[in-house]
**Student:** 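My structure is below; once you've seen it, I'll send some questions.
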Protein chains: 2
Amino acid sequence: MADSVVLDAIDLHILRLLQNDARSTYRELAADVGVAPSTCLDRVARLRRTGVILGHQLRLNPAKLGRGLEALLLVQVRPHRRELIGPFVDRIRALPESRALFHLTGPDDYLVHVAVADPADLQRLVLDEFTSRREVARVETRLIFQQWECGPLLPPGPSPSLSAD
Amino acid sequence: MADSVVLDAIDLHILRLLQNDARSTYRELAADVGVAPSTCLDRVARLRRTGVILGHQLRLNPAKLGRGLEALLLVQVRPHRRELIGPFVDRIRALPESRALFHLTGPDDYLVHVAVADPADLQRLVLDEFTSRREVARVETRLIFQQWECGPLLPPGPSPSLSAD
DNA sequence: AGTGAAAGAATGTGTAA
DNA sequence: TTACACATTCTTTCACT
């Protein structure tokens, strides 16, 4: 499951187009890539089967949902043992405020990306859901001024621009 | 983009279902929610128009694309002035290794989520694209052991409908 | 908000390279 | 095995109620 899959120029072209707009139809993809629509269908089905494409996700605007303030919480869990971090991870993932959770190297064991209504809501979250837990030794809160998505994720290598045309 | 949007129980139900599977058909949504398919279409179109739904994103597996190592880079930019950070942000966003970029409060000005091939690739990225830049005062690298998506993003509070700005 | 029809897309089958 | 054309089925979308 962690092994690389062989992707040719057509696969990469399709992935690049789908990352621009995940709702493109197979007709549109086919026209851009220069193959038949049914071939595009086969290619995408294969990418999905081999685990390159994990799924389709809806991107929502947190501000429009009453969660206009986002923050990253750096969390130290002590002691850092399986029987404590399992329940910790489960609990954090289940919070409606949590957007993403990372287990990291370094002085902070976890980074939690949260979206809340306002500073008072953030204070409540930190006090009631983090520092009140026995295994949480320290929480450092960093507000997010602004965030950006970055370019499409594509394989590294000498020819990142091998487009099929 | 900061206009108030009022979401009723049907909107929230649709959003919850679409976050579970962004490829659900309007027929399936309609059956689950208990309205006509065309009503679902109208609701989703409105959520899209009002900016609640920002778009559909393809979720890819970085490991399958030869980027099996992910890390978070905490970056200090000195001096932290507009004429320096504008080009910095543009450059980082354009890197094929960048997945997301955050401008933060706290001692580290930026957090960059990157996906690379291996530790040597990460070392090259840090040295050639970060510490070699004059405005980058410090880079702290934290490897990602594991990461999790969290539950659906929904409005806070006991009231099923609200307005947000 | 719901109904039904027309347009369009997804998907399976057969077939040739 | 891989790509393609075609046919069938299902979905989306729009005019009307």
Side-chain angles (χ1 to χ4, degrees), chain A residues 1 3-60 64-65 152 154-155 157 159 162-165, chain B residues 3-61 64-66 152 154-155 159-163:
Chain A
M1 185 61 185
D3 295 288
S4 284
V5 177
V6 179
L7 302 172
D8 65 13
I10 293 177
D11 292 318
L12 294 179
H13 200 157
I14 289 173
L15 286 176
R16 227 177 318 110
L17 292 169
L18 280 179
Q19 279 181 94
N20 286 340
D21 177 8
R23 274 165 39 113
S24 310
T25 67
Y26 293 117
R27 281 168 188 279
E28 291 167 338
L29 289 180
D32 279 349
V33 175
V35 297
S38 54
T39 302
C40 268
L41 179 73
D42 285 347
R43 294 298 190 119
V44 173
R46 180 172 150 273
L47 290 168
R48 194 172 275 283
R49 239 190 359 261
T50 54
V52 176
I53 294 175
L54 292 173
H56 286 249
Q57 205 174 28
L58 203 65
R59 295 203 316 115
L60 296 182
K64 296 280 185 178
L65 290 164
L154 287 173
S159 47
L162 43 92
S163 45
D165 17 354
Chain B
D3 302 291
S4 290
V5 179
V6 178
L7 302 173
D8 66 12
I10 293 176
D11 292 316
L12 295 179
H13 199 159
I14 290 173
L15 285 177
R16 225 173 320 112
L17 293 170
L18 279 178
Q19 281 181 94
N20 285 338
D21 178 8
R23 275 168 32 118
S24 310
T25 67
Y26 293 117
R27 252 174 124 237
E28 290 168 339
L29 288 180
D32 278 350
V33 175
V35 297
S38 59
T39 302
C40 270
L41 178 71
D42 287 346
R43 293 302 188 116
V44 173
R46 179 170 152 276
L47 290 168
R48 193 172 277 281
R49 238 188 1 263
T50 54
V52 176
I53 295 175
L54 293 173
H56 286 248
Q57 207 175 25
L58 204 65
R59 295 201 317 114
L60 295 183
N61 188 341
K64 294 282 184 177
L65 290 163
L154 287 173
S159 57
S161 39
L162 79 150
S163 54

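Residue numbers begin at 1 in each chain, while the letters A, B, ... track the order of the sequences.
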**Student:** Does the B/D21 side chain pair with the main chain of B/L18, one donor and one acceptor, at a distance under 3.5 Å?
**Tutor:**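 Such a contact is absent between B/D21 side chain and B/L18 backbone.
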**Student:** What is the minimum heavy-atom distance between B/R27 and B/P37, and which atoms define it?
**Tutor:**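 Closest pair (atom of B/R27, atom of B/P37, distance): CG-CG, 4.2 Å.
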**Student:** Would you say the side chain of B/I14 lies within less than 4.5 Å of the side chain of B/V44, judging by non-hydrogen atoms?
**Tutor:**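 Of all side-chain heavy-atom pairs linking B/I14 with B/V44, at least one is under 4.5 Å.
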**Student:** Starting at atom CD of B/E28, determine the distance to atom P of D/dC10, rounded to an integer number of angstrom.
**Tutor:**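 Atom CD in B/E28 sits about 13 Å away from atom P in D/dC10.
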**Student:** Send over the distance from A/I10 CD1 to D/dT1 P, rounded to a whole Å.
**Tutor:** 18 Å
**Student:** What is the distance, to the nearest angstrom, from the CG atom on A/D42 to the P atom on D/dT1?
**Tutor:**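 Checked: the CG to P distance equals 13 Å.
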**Student:** Quick one: does any side-chain atom of A/D32 pair with a main-chain N or O of A/L29 as donor and acceptor, under 3.5 Å?
**Tutor:**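 Between the backbone of A/L29 and the side chain of A/D32 there is no qualifying donor-acceptor contact (under 3.5 Å).
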**Student:** The test is salt bridge (Lys or Arg N to Asp or Glu O under 4.0 Å); show your working for B/D8 and B/R43 and say whether it passes.
**Tutor:** CA-CA 10 Å; B/D8 66 12; B/R43 293 302 188 116; 2.9 Å; yes
**Student:** I need a per-nucleotide contact map over nucleotides 10-17 of chain C, read 5' to 3'. Cutoff is protein heavy atoms under 4.0 Å; write B for the base, S for backbone only, - otherwise.
**Tutor:** SB------
**Student:** When you measure from the side chain of B/T50 to the backbone N and O of B/R46, does any donor-acceptor pair fall under 3.5 Å?
**Tutor:**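 Here the side-chain-to-backbone pair exists.
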**Student:** Determine the contact category for B/A36: base if any of its heavy atoms lies under 4.0 Å from a base atom, sugar-phosphate if only primed atoms, P, OP1 or OP2 are that close, otherwise nothing.
**Tutor:**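 B/A36: base contact, heavy atoms under 4.0 Å.
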**Student:** OP1 or OP2 of C/dA1 versus the side-chain N and O atoms of B/R43: is any pair under 4.0 Å?
**Tutor:** yes
